Amino acid sequence: MARVINDTCVSCGACESSCPVAAISMGDDHMVIDAGTCIDCGACEGTCPVGAIFPEE
């Protein structure tokens, strides 16, 4: 299971630099997580200043 970033993302990039497998990049409107690359470690979740990252359901 991967993490997802919702629409409250402010595109600050804090999560991108925290990802050990480079699964996060800028999407059309906000940061996105590549589910195929994500190892579900949760490192990004704690770095998001607006709490926009969640476990995928």
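Only a predicted model underlies this, so the values are computations on that prediction, with no experimental measurement involved. Note that these values count all heavy atoms, side chains included, but never hydrogens, waters or copies made by symmetry.
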Who pairs with Ala35 by side chain to side chain contact (heavy atoms under 4.5 Å, CB included), at least two apart in sequence or on another chain? Ala2
For residues 20-30, which residue pairs pass the side-chain hydrogen bond (donor to acceptor under 3.5 Å, both in side chains) check, not counting sequence neighbours? Asp7-His30
Minimal heavy-atom distance between Ser17 and Ala14, with the atoms involved, is OG-O, 3.2 Å
In terms of heavy-atom contacts, Ala23 and Cys38 come closest through CB-N, 3.7 Å
For Met1, the hydrophobic cluster (side chain heavy atoms closer than 4.5 Å, chained through members) also holds none
Side-chain heavy atoms under 4.5 Å apart, restricted to Ile/Leu/Val/Met/Phe/Trp/Tyr: what other residues fall into the cluster of Ile39, or is it alone? Val21
Heavy-atom pair of closest approach, residues Ser18 and Thr47: OG-OG1, 3.4 Å
Can you pull the salt bridge (Lys or Arg N to Asp or Glu O under 4.0 Å) pairs that have at least one residue in residues 33-57, sequence neighbours excluded? Arg3-Asp40, Arg3-Glu45
Under 4.5 Å side-chain heavy-atom separation, chaining through any Ile, Leu, Val, Met, Phe, Trp or Tyr, what else clusters with Met31? Say none if it is isolated. Ile5, Ile24, Met26, Ile33, Ile53
